[in-house]
Amino acid sequence: MALDTRTDRRPSFAGLLWRSTVGKKTAMAVSGIVMLLYLVVHMLGNLKIFFGAADFDAYAAWLRTIGEPFLHHEWFLWIARVVLLAAVVVHAVAAYQLSRRDIAARPTKYARPSPGHHPRPRRFAPHLVPSPGHHPRPRRRASYATRTMRWGGVILGLFIVWHILDLTTLTVNPRAEAGHPYANVVATFSTWYGNAVYLVAMLALGLHIRHGFWSAAQTLGAGRPGRDRTLKTLANALAAALTLGFIAVPVSVLTGVVS
């Protein structure tokens with residue numbers, strides 16, 4: 001006698017939302033906003049390097065004491081890292097899955113029949129055979145914004161790994177010394193490859209924010225015909241401010257303003 005092992009368990013609302021295209025876009029928008037807020041704070045903190053080594057090192061030390069005595073030493077930093085890691089993972093996974101869906105939904109590119117050749121109609125599916133002189137619609141190309149977002153995301157993902165190895169673990173910064181963040185920043189931007197990696201990543205970041213902020217606003221329902229110009233202006237302003245703010249540090253080291 002066979003036993004019925006089926007269950008009538010319904011999928012959770014969160015599971016249904018995640019599997020839907022709207023849910024994935026919403027997850028991307030929310031996680032993107034979390035990362036954007038972090039970037040604004042991070043950029044403002046970076047700019048303290050213009051006040052000198054003492055102020056910058058004191059700021060770096062203060063970050064480890066936020067929340068004390070309620071939180072233990074460096075707990076706030078680790079909480080922030082976990083939240084950021086979760087946001088990056090959700091953002092990347094949703095972007096990848098949406099990209100695969102977009103590719104799967106594009107029209108299939110069929111081979112064009114040779115001149116004078118007429119395929120024999122199938123017995124049960126004559127409608128699938130193209131008529132003489134018919135040319136199938138070519139595969140739709142991804143838009144410039146889509147390609148920029150995809151490749152920009154890859155560049156930024158690789159940069160995050162480099163940035164952690166460079167200024168957090170100090171693995172790829174041979175002249176770095178633990179406990180001296182100002183000197184470590186100057187050391188990394190005193191090399192051509194440190195500047196090259198950072199500048200390319202920041203340009204990719206600016207383009208990513210420019211397109212991503214607009215997309216997030218549309219996904220979360222902020223887009224309206226009367227707000228389009230305002231949202232585009234805000235997206236451009238945010239992208240420009242963050243890009244220039246981050247790039248200001250390596251450029252200042254290169255020119256000797258920060259040394």
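Numbers here simply count residues along the sequence, with the first being 1. No hydrogens, no waters, no symmetry mates; every other heavy atom, side chains included, goes into these values. Since the model is a prediction, treat every value here as computed from it, not as a measurement.
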Thr243 side chain vs Ala239 backbone, donor-acceptor pair below 3.5 Å: yes
query: Would you say Lys24's side chain and Ala94's backbone share a donor-acceptor pair under 3.5 angstrom?
result: no
query: Can you say whether the rings of Phe56 and Tyr59 are parallel (under 30°), tilted (30 to 60°) or perpendicular (over 60°)?
result: tilted
Heavy-atom pair of closest approach, residues Thr169 and Thr171: OG1-OG1, 2.8 Å
- line: In this structure, CG of Leu98 is separated from NZ of Lys25 (nearest 0.5 Å) by 7.0 Å
Gap between atom NE2 of His91 and atom CE of Met35 - 0.5 Å precision: 4.0 Å
- request: Without swapping roles, check the side chain of Asn173 against the backbone of Asn184 for a donor-acceptor pair under 3.5 Å.
  value: yes
query: Around atom OH of Tyr96, are there more than 12 heavy atoms of other residues, nucleotides or ligands at under 6.0 Å?
result: no
query: Once you round to the nearest 0.5 Å, how far does CG of Leu254 lie from CH2 of Trp192?
result: 13.0 Å
- prompt: What pair of heavy atoms forms the shortest contact from Thr191 to Gly194, and how long is it?
  reply: OG1-N, 3.2 Å
query: So, does Ser20 use its side chain to make a donor-acceptor pair with the main chain of Leu17 at under 3.5 Å?
result: yes
Identified side chain to side chain contact (heavy atoms under 4.5 Å, CB included) counterpart of His72 within the set Phe76, Trp75, Phe70: Trp75
task: With rounding to the nearest 0.5 Å, note down the distance linking CD1 in Ile66 to CD in Glu74.
output: 11.5 Å
task: Apply side chain to side chain contact (heavy atoms under 4.5 Å, CB included) to the pair Leu231 and Gln218, showing each step before the final yes or no.
output: CA-CA 10 Å; Leu231 288 173; Gln218 302 303 311; 4.1 Å; yes
field: Hydrophobic cluster membership, Val82 vs Leu77, 4.5 Å side-chain cutoff
entry: no
task: Using the six-membered ring wherever Trp is involved, compare the ring planes of Tyr198 and His163 and label them parallel, tilted or perpendicular (cut-offs 30° and 60°).
output: tilted
field: Over all atoms of both residues, closest heavy-atom pair of Phe50 and Ser252
entry: CE2-OG, 3.1 Å
field: Point-to-point distance, once rounded to the nearest 0.5 Å, from CG of Leu238 to CD1 of Ile209
entry: 7.0 Å
- line: Rounding to 0.5 Å, atoms OG1 (Thr219) and CD1 (Ile33) come to a distance of 9.5 Å
- prompt: Under a 4.5 Å cut-off applied to non-hydrogen side-chain atoms, are Phe189 and Val258 in contact?
  reply: no
task: Considering non-hydrogen atoms only, spot the tightest contact between Arg175 and Ser190 and give its length.
output: NH2-CB, 3.3 Å
- request: Give the cluster check for Tyr193 versus Val251: same hydrophobic cluster or not, with ILVMFWY residues linked at side-chain heavy-atom distances below 4.5 Å.
  value: yes
task: Would you sort out whether Leu203 and Ile247 count as a side chain to side chain contact (heavy atoms under 4.5 Å, CB included), showing the intermediate values?
output: CA-CA 9 Å; Leu203 292 175; Ile247 287 179; 4.2 Å; yes
query: Should Val253 and Ser259 be marked as a side chain to side chain contact (heavy atoms under 4.5 Å, CB included) after you check the CA-CA gap, both sets of side-chain angles, and the distance that decides it?
result: CA-CA 6 Å; Val253 174; Ser259 60; over 6 Å; no
message: Determine whether a donor-acceptor pair (N or O, by modelled atom type, separation under 3.5 Å) exists between the side chain of His208 and the backbone of Gly152.
response: no
- prompt: Is the side chain of Asp57 donor-acceptor paired with the backbone N or O of His180 at a distance under 3.5 Å, no angle test?
  reply: no
field: Side-chain donor/acceptor of Arg210 to backbone N/O of Asn236, under 3.5 Å
entry: no
Whether Thr65 side chain and Trp62 backbone form a donor-acceptor pair below 3.5 Å: yes
query: For Leu37 and Val34, what are the C-alpha separation, side-chain angles and deciding distance, and is it a side chain to side chain contact (heavy atoms under 4.5 Å, CB included)?
result: CA-CA 5 Å; Leu37 292 174; Val34 170; 5.9 Å; no
field: Joint hydrophobic cluster, Trp214 plus Leu234, side-chain heavy atoms closer than 4.5 Å
entry: yes
Cluster link Ile79 to Leu39, ILVMFWY, side chain under 4.5 Å: no
message: Can you give me the closest heavy-atom contact between Ala29 and Leu220, atom names plus distance?
response: CB-CG, 3.9 Å
task: Indicate if Met28 and Val90 have the same hydrophobic cluster label, given that clusters are the connected sets of ILVMFWY residues with side-chain heavy-atom separations under 4.5 angstrom.
output: no
task: Over all heavy atoms of both residues, which pair between Ala201 and Leu156 is shortest? Give the atoms and the distance, please.
output: O-CD2, 3.4 Å
